[in-house]
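Working notes, beginning with the structure itself.
Just so you know, these numbers use all the heavy atoms, side chains as well, and skip hydrogens, waters and symmetry mates. Because the structure is predicted, anything quoted here is derived from the model rather than measured. When a residue number appears, it is its place in the shown sequence, counting from 1.
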Amino acid sequence: MQIEKLSDTYHHITFADGSEVFLIGTAHVSQNSVEEVAETIDREQPDRICVELDASRLSSKTKKQTWEDTDIRKVFREGKGFLLLANTALASFQKKLGAQTGTAPGEELLGAVKLANVRNIPLSLCDRDIQTTFRRAWAKSSLWNKCKLLSTLISAAFSNEEISKEELEDLKNQETLEGMLNEVAKELPSIKEVLIDERDIYLATKIYTAPGQKKVAVIGAGHTKGVLSAFEKLESNSAIKTTEELEIVPKSKGWGKAAGYIIPTLIVVLLVIGVAMNGWDQGLKTFLYWVLVNAGGTLIATAISAAHPLNILCCAVTAPFFALNPVLGVGMLGGILEATFRKPKVRDFEMLNDDAMKLSGWYRNRILHCLLVFFLSSIGSMLGTFVAFPLLISRI
């Protein structure tokens with residue numbers, strides 16, 4: 001295999017069987033990248049175009065979605081509230097970057113797809129399904145890393161910092177990218193592994209095995225180095241994970257499930273000890289302390305989210321009991337009830353990413369408001385639980 005580096009973002013790869021790949025690393029909100037992709041396809045006249053997209057992302061970018069079929073309550077029932085929250089914050093951040101630069105996120109990828117359709121060039125969607133990627137990243141992350149990821153995405157979505165075109169183009173520089181990826185690896189190793197490393201292998205495999213002797217492949221610049229490395233391993237038949245392996249969502253580890261039972265078990269043990277040592281009267285008072293503290297924390301947090309009054313009441317009343325159940329969560333209830341009391345409208349779905357860029361939008365948009373209620377009620381119950389611990393011990 002021969003690799004000819006034409007620029008930091010453009011490589012010409014020739015494989016042992018004589019097939020060629022013109023690999024373009026882009027910034028997804030860069031007008032220069034849009035033009036570079038179009039020029040490369042015009043110049044090289046490939047017999048196949050490969051893009052860093054999956055079917056669902058392409059569909060969401062090119063087809064009008066039928067929001068009437070979307071059930072936000074189902075998201076909460078399936079325990080995907082935090083996943084949707086992270087996804088929404090990320091989409092909002094990308095949209096904000098696109099507004100600053102005047103280029104819609106992924107426009108260079110859509111440009112390659114349009115050229116493939118117009119010129120009747122076979123197209124390969126080479127990225128892993130976005131939902132599979134998010135589920136794998138979520139499943140492999142600890143609770144602390146999940147919180148760090150959410151806080152990073154939400155703060156980025158709300159940030160007023162402007163990025164210049166020069167700074168954006170610098171993101172395609174390999175030294176800049178490596179520094180950024182090293183920081184991500186240090187702070188969020190599991191996230192970097194799933195979002196970058198695994199997809200490097202997935203993209204490389206799909207591009208490598210796609211039919212055609214002359215291919216143009218369009219990927220994010222952050223994947224360039226990893227894809228080139230994976231190409232070399234594929235050519236030498238070195239051990240590498242298959243795309244099928246990378247599509248499996250790992251199940252929760254045994255110790256991870258057990259950890260969910262630790263806090264509820266400790267609380268129950270403290271309550272039982274209180275009854276055994278101090279009698280039923282004092283034990284009942286201890287239990288009431290637990291109920292009041294947990295319900296109070298949830299009540300305050302849910303009120304801050306401006307949930308429906310009945311929802312605030314329901315969350316506060318049920319929070320102490322849901323906190324003793326590792327399967328259920330008061331956030332799940334809060335999100336479902338908010339979507340029931342204030343059913344989202346088509347406009348809420350259509351304006352989702354725009355509204356997510358402003359704090360007021362999270363209160364105005366009914367979809368985002370459901371997520372806000374879900375998030376804050378969950379935080380309120382967790383804080384109430386941790387505050388209650390020393391109080392329960394002191395009562396004993």
Side-chain angles (χ1 to χ4, degrees), residues 67-68 70-89 143 146-147 150 154 260-268 270-271 283-345 347-349 352 355-356 359-389 391-392:
W67 302 117
E68 296 82 357
T70 304
D71 186 358
I72 186 65
R73 290 171 296 186
K74 183 180 178 183
V75 173
F76 295 118
R77 284 197 297 268
E78 293 177 351
K80 297 178 181 177
F82 280 110
L83 190 64
L84 179 59
L85 187 62
N87 200 349
T88 302
L143 177 60
K146 288 175 182 176
C147 291
L150 276 176
I154 292 174
Y261 288 86
I262 292 176
I263 292 178
T265 301
L266 287 175
I267 293 171
V268 172
L270 288 174
L271 294 174
L284 179 59
K285 289 182 180 179
T286 302
F287 178 71
L288 288 176
Y289 271 106
W290 155 253
V291 170
L292 289 173
V293 172
N294 193 283
T298 306
L299 179 69
I300 294 170
T302 312
I304 292 173
S305 73
H308 190 282
L310 287 177
N311 195 5
I312 295 175
L313 181 62
C314 288
C315 287
V317 170
T318 59
F321 305 97
F322 276 34
L324 299 177
N325 189 320
V327 177
L328 300 175
V330 71
M332 180 192 302
L333 176 68
I336 292 173
L337 288 180
E338 196 62 28
T340 302
F341 291 137
R342 293 167 173 160
K343 190 174 181 180
K345 300 177 180 178
R347 180 264 174 206
D348 297 311
F349 288 97
L352 189 64
D355 287 338
L359 181 59
S360 60
W362 286 76
Y363 284 89
R364 180 177 60 251
N365 187 295
R366 294 190 175 191
I367 293 294
L368 296 174
H369 194 210
C370 289
L371 289 172
L372 186 64
V373 172
F374 159 80
F375 181 67
L376 289 182
S377 58
S378 299
I379 295 298
S381 180
M382 284 192 288
L383 290 176
T385 298
F386 286 112
V387 170
F389 258 107
L391 291 176
L392 291 179

* To do: Go through the structure and list residues passing side chain to side chain contact (heavy atoms under 4.5 Å, CB included) with Y363, not counting sequence neighbours.
  => I304, A306, L359, H369, L372
* About how many Å separate OH of Y289 and CG of N294, when rounded to the nearest 0.5 Å? -> 16.0 Å
* Return the set of residues passing side chain to side chain contact (heavy atoms under 4.5 Å, CB included) with I336 (not counting sequence neighbours), or none when no residue passes. => R73, F76, R77, M332, T340
* Structure fact -> Note: S381 and T298 closest approach over all heavy atoms is CA-OG1, 3.4 Å
* May I ask you to decide if F374's main-chain N or O and S377's side chain share a donor-acceptor pair within less than 3.5 Å? => yes
* Where is the tightest heavy-atom contact between A307 and R342, given as atom of each residue plus distance? -> C-NH1, 3.6 Å
* To do: May I have the step-by-step check of side chain to side chain contact (heavy atoms under 4.5 Å, CB included) for L333 and T318, ending in yes or no?
  => CA-CA 9 Å; L333 176 68; T318 59; 3.2 Å; yes
* To do: Of all the heavy-atom pairs spanning G380 and A301, show the shortest one and how long it is.
  => CA-CB, 3.6 Å
* Asked: So how far is it from N311 CG to S305 OG, rounded to the nearest 0.5 Å?
  -> 7.5 Å
* How far does CD1 of I312 sit from CG of L337, to the nearest 0.5 angstrom? -> 11.5 Å
* Asked: What's the spacing between L310 CG and C315 SG if we round to 0.5 Å?
  -> 11.0 Å
* **Side-chain donor/acceptor of N365 to backbone N/O of D348, under 3.5 Å** => yes
* Asked: Which pairs with one or both residues in residues 364-375 pass salt bridge (Lys or Arg N to Asp or Glu O under 4.0 Å), sequence neighbours excluded?
  -> D355-R364
* Can you tell me how far the CG atom of L292 sits from the CG atom of L299, to the nearest 0.5 Å? -> 11.0 Å
* **Residues which pass ring pair (Phe, Tyr, Trp, His ring centres under 6.0 Å) with F341, listed by chain and number, not counting sequence neighbours** => H308
* To do: State, with a plain yes or no, whether a side-chain heavy atom of L371 is found less than 4.5 Å away from one of W362.
  => yes
